[in-house]
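Atom set for the values below is all heavy atoms of this structure, side chains included, hydrogens, waters and symmetry mates excluded. Here, residue 1 is the first one in the sequence, and each next residue gets the next number.
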Amino acid sequence: MRDSYDVIVAGAGMAGALASIAAARKGASVLMLDRNDAKEAGKKTNWGWVCGDAVAKSHVDFIEKELKIGLSEPELDTKVKGVYVLSPDMENKFMFEGAGYTLDRPKYARKMAGIAEKQGVEYMPRHEVEGPIIEGGKIVGVFGKDAETKHYEARAKVVVDALGIATTLRRRLPQNSFVEKEVKIDDIESTGRYIANFDRAKSDLNYYDPDNALIHLNQTMAPGGYGWVFPKSNGKVNIGIGVEKNSLEKRNAKLGKKDSLHKLIDEYVEWNPVLKNMRIVAEDNNGKGYWSVTVRRQQDSLVCDNYIGAGDSMSMPNPISAGGIGPAMISGVLAGQTAAEAAASGDASVGALWKYNLAFNDLYGSKTAALEVFRVYLQSLNNDLINYGMSHFLTKGEAEALSYGRIPEITIASTFQKILSGVANINAFKNLLFAVNKMKRLLEVYKAYPESPAEFEKWRARVQAEMNEVKERFHANPV
């Protein structure tokens, strides 16, 4: 390890490896640090690469275009035609996202680490990053423990934080007015999933579809979240659930239960009439795992002096689906490119790095605050209201538009015939209208993302005011 680099990338996962490659391709000297052994690059936890593994085709196309990296089997494990959301009563089924893939995460991670090394990145596995080195109120490097648990320090002009939700860098940043250090518990979901072989007891595309990914909304089975069944190759499936802590506690209290995430996953697996005799896949010790994921908009600013955050470390997963692979891919590429340019120019101030905020907002981030509104609204509905809403309040086209962050025109006048079942459902529809209007307003706010740091505080205050109104109106109410 040298004394200093142009760019240090902390983490060799989905965002980190791409950031390292992108920075090296711009001519930067790059150090990529990861706590895992080289064969387990980017592994989140001792349980493995805990994830639904799904990614949209458009995101794969993005890294192929930007970095000329071609992906295929085996890292692209299975192609899917789309992602479908089903109502709790299984009577309504809406397209949520289009074509994509499920990844083999360990194989993908090893391929990316190998590409990074070939690009000239100095890759140091088994190097834990414990925190930032701060001098003069700015981050100038990182410190941690090496493979022999000895203290090490490494310095750089720019540090890219790709350590994931449990990042030790963002939480220990010097005081600044841009990057938040903590994430609220209500904006985090606990998730768990199995990758398993199974026997197909019968054919029912509402429970398992070899060509499509399925999401089951059900506030009793997965309070505040959802269950998923994603096909994988060679007769395997990725099946799991996500739950929100407050919703789970309210659900347990009303039902007189003490169910945990682990118990709910097993009940969800047992509930599925198609998947029988589940057998956990032992390959790469990645068959069974539990982890946390943020379900809010990304951090309002992704940069401060000498620091760029990417992927889960910046709360980038989709607030509705919790899908984090796509935004991690986009942010990783953009972060690496921006870091290299800043290092080359000799200016890594927040102003010089601000272009990364603008680029990510343009390519992905502008829709996430609106999606956070819709997530908070959904968590306020019980199964009966979800069933009714998916049957009467939204057309399939409107539901698909909302899932992508596009806001359809929904008015009482144009849809009055949908709400003839009584005052209770009229009130529920009015809540939907409130949520949709807030989504529209936040989309407009994000279209006017500040062009420079000087305008940031005023802009962030507008975002927080809008979001506070949403959270004051909607509260978790799973059953």
Min side-chain heavy-atom separation Ile195-Ile280 under 4.5 Å: no
Note: Glu180-Arg296 ion pair, threshold 4.0 Å (strictly below): yes
Whether Thr45 side chain and Gly48 backbone form a donor-acceptor pair below 3.5 Å: no
Pairwise side-chain contact, Glu469 with Gln464, heavy-atom cut-off 4.5 Å (strictly under): no
Side-chain heavy-atom pair Val179, Leu302 within 4.5 angstrom cut-off: no
Result of checking Lys438, Arg460, Lys440, Arg297 against Glu466 for salt bridge (charged side-chain N to carboxylate O under 4.0 Å, His left out): Lys438
Chi angles and distances behind the ring-ring contact (aromatic ring centres under 6.0 Å, His included) call for Tyr207, Trp271: CA-CA 10 Å; Tyr207 293 92; Trp271 165 83; 5.0 Å; yes
Exercise: do Asp34 and Asn36 side chains pair donor with acceptor under 3.5 Å: yes
Ile325 CD1 to Tyr108 OH distance, which is reported to the nearest 0.5 Å: 8.5 Å
Donor-acceptor contact present, side-chain Arg279 to main-chain Ala196, <3.5 Å: no
Flag if over 12 foreign heavy atoms under 6.0 Å of NZ, Lys93: yes
Atom pair CG (Leu378) and CG (Leu217), whose distance is rounded to the nearest 0.5 Å: 7.0 Å
Check against side chain to side chain contact (heavy atoms under 4.5 Å, CB included), Val470 and Tyr377: CA-CA 8 Å; Val470 173; Tyr377 164 72; over 6 Å; no
Distance flag, aromatic centroids of Phe456 and Trp354, threshold under 6.0 Å: yes
4.5 Å side-chain heavy-atom contact, Ile139 and Ile133: no
Whether Trp459 side chain and Val445 backbone form a donor-acceptor pair below 3.5 Å: yes
Please set out all donor-acceptor pairs under 3.5 angstrom arising from side-chain atoms of residues 224-232, sequence neighbours excluded.
from   : atom 1 : to     : atom 2 : distance (Å)
Tyr226 : OH     : Ser321 : O      : 2.0
Trp228 : NE1    : Asn238 : OD1    : 2.7
Lys232 : NZ     : Asp53  : OD2    : 3.2
Lys232 : NZ     : Leu103 : O      : 2.7

Heavy-atom check, side chain of Trp49 versus side chain of Met14, under 4.5 Å: no
Donor-acceptor contact below 3.5 Å, side chain Ser313 vs main chain Ile165: no
Salt-bridge criterion met for Asp209 and Lys81 (N-O under 4.0 Å): no
Audit row: Phe96, Ile320, side chain to side chain contact (heavy atoms under 4.5 Å, CB included) steps and yes/no: CA-CA 10 Å; Phe96 183 72; Ile320 297 179; 3.8 Å; yes
Test item: Leu353 and Tyr307 side chains (from C-beta on) under 4.5 Å apart, heavy atoms: no
Side-chain H-bond candidate by donor/acceptor type, Arg473 with Asn431, under 3.5 Å: yes
Spatial distance of atom CD (Glu189) from atom OG (Ser292) [nearest 0.5 Å]: 10.0 Å
Quiz item: cation-pi between Lys471 and Phe474, 6.0 Å / 45°: no
Under 3.5 Å donor-acceptor, Thr368 side chain and Met316 backbone: no
Exercise: do Asn387 and Asn92 side chains pair donor with acceptor under 3.5 Å: no
Crowding at CZ, Arg171 (>12 non-hydrogen neighbours, <6.0 Å): yes
Interatomic distance, Phe374 atom CZ to Leu442 atom CG [nearest 0.5 angstrom]: 14.5 Å
Heavy-atom closest pair, residues Gly311 and Ser331: N-OG, 3.0 Å
More than 12 heavy atoms of other groups within 6.0 Å of Asn468 CG: yes
Short side-chain to backbone donor-acceptor contact, Lys263 and Ser260, under 3.5 Å: no
Under 3.5 Å side-chain donor-acceptor pair for Asp161 and Thr167: yes
Pairing of Asp37 and Lys43 as salt bridge, 4.0 angstrom limit: no
No-hydrogen, no-angle side-chain donor-acceptor test under 3.5 Å, Asn176 and Lys181: no
Donor-acceptor pair, side chain of Asn218 and main chain of Met221, under 3.5 angstrom: yes
Sub-6.0 Å ring centroid separation between Tyr84 and Phe94: no
Arg462, CZ atom: more than 12 neighbouring heavy atoms under 6.0 Å: no
side-chain contact (heavy atoms from CB on, under 4.5 Å), paired with Met278, selected from Asn272, Asp266, Ile239, Asn197: Ile239
His59 and Tyr364 side chains, donor-acceptor separation under 3.5 Å: no
Side-chain heavy-atom pair Ile188, Val295 within 4.5 angstrom cut-off: no
Partners meeting salt bridge (charged side-chain N to carboxylate O under 4.0 Å, His left out) with Lys145 (sequence neighbours left out): Glu130
Heavy-atom check, side chain of Met390 versus side chain of Glu91, under 4.5 Å: no
Test of ring centre spacing under 6.0 Å for Tyr208 and Phe198: yes
Exam field: side chain Arg193 to backbone Thr191, donor-acceptor pair closer than 3.5 Å: no
Flag for Asp187-Thr294: side-chain donor and acceptor within less than 3.5 Å: no
Side chain to side chain contact (heavy atoms under 4.5 Å, CB included) between Leu248 and Leu264, intermediate numbers included: CA-CA 10 Å; Leu248 175 59; Leu264 290 176; 3.7 Å; yes
Stepwise side-chain hydrogen bond (donor to acceptor under 3.5 Å, both in side chains) test for Lys254 and Asn477: CA-CA 10 Å; Lys254 289 187 178 180; Asn477 186 33; 2.9 Å; yes
Presence of salt bridge, Lys250 and Glu244, under 4.0 angstrom: no
Side-chain donor-acceptor pair present, Gln379, Ser247, cut-off under 3.5 Å: no
Where at least one partner belongs to residues 245-265, residue pairs that pass ring-ring contact (aromatic ring centres under 6.0 Å, His included), sequence neighbours excluded: His262-Tyr290
Reported CD-to-CG distance for the pair Glu270 and Leu275, which is rounded to 0.5 angstrom: 11.0 Å
From CG (Asn361) to CD (Gln298), nearest 0.5 Å: 6.5 Å
Exam field: side chain Asn212 to backbone Val83, donor-acceptor pair closer than 3.5 Å: no
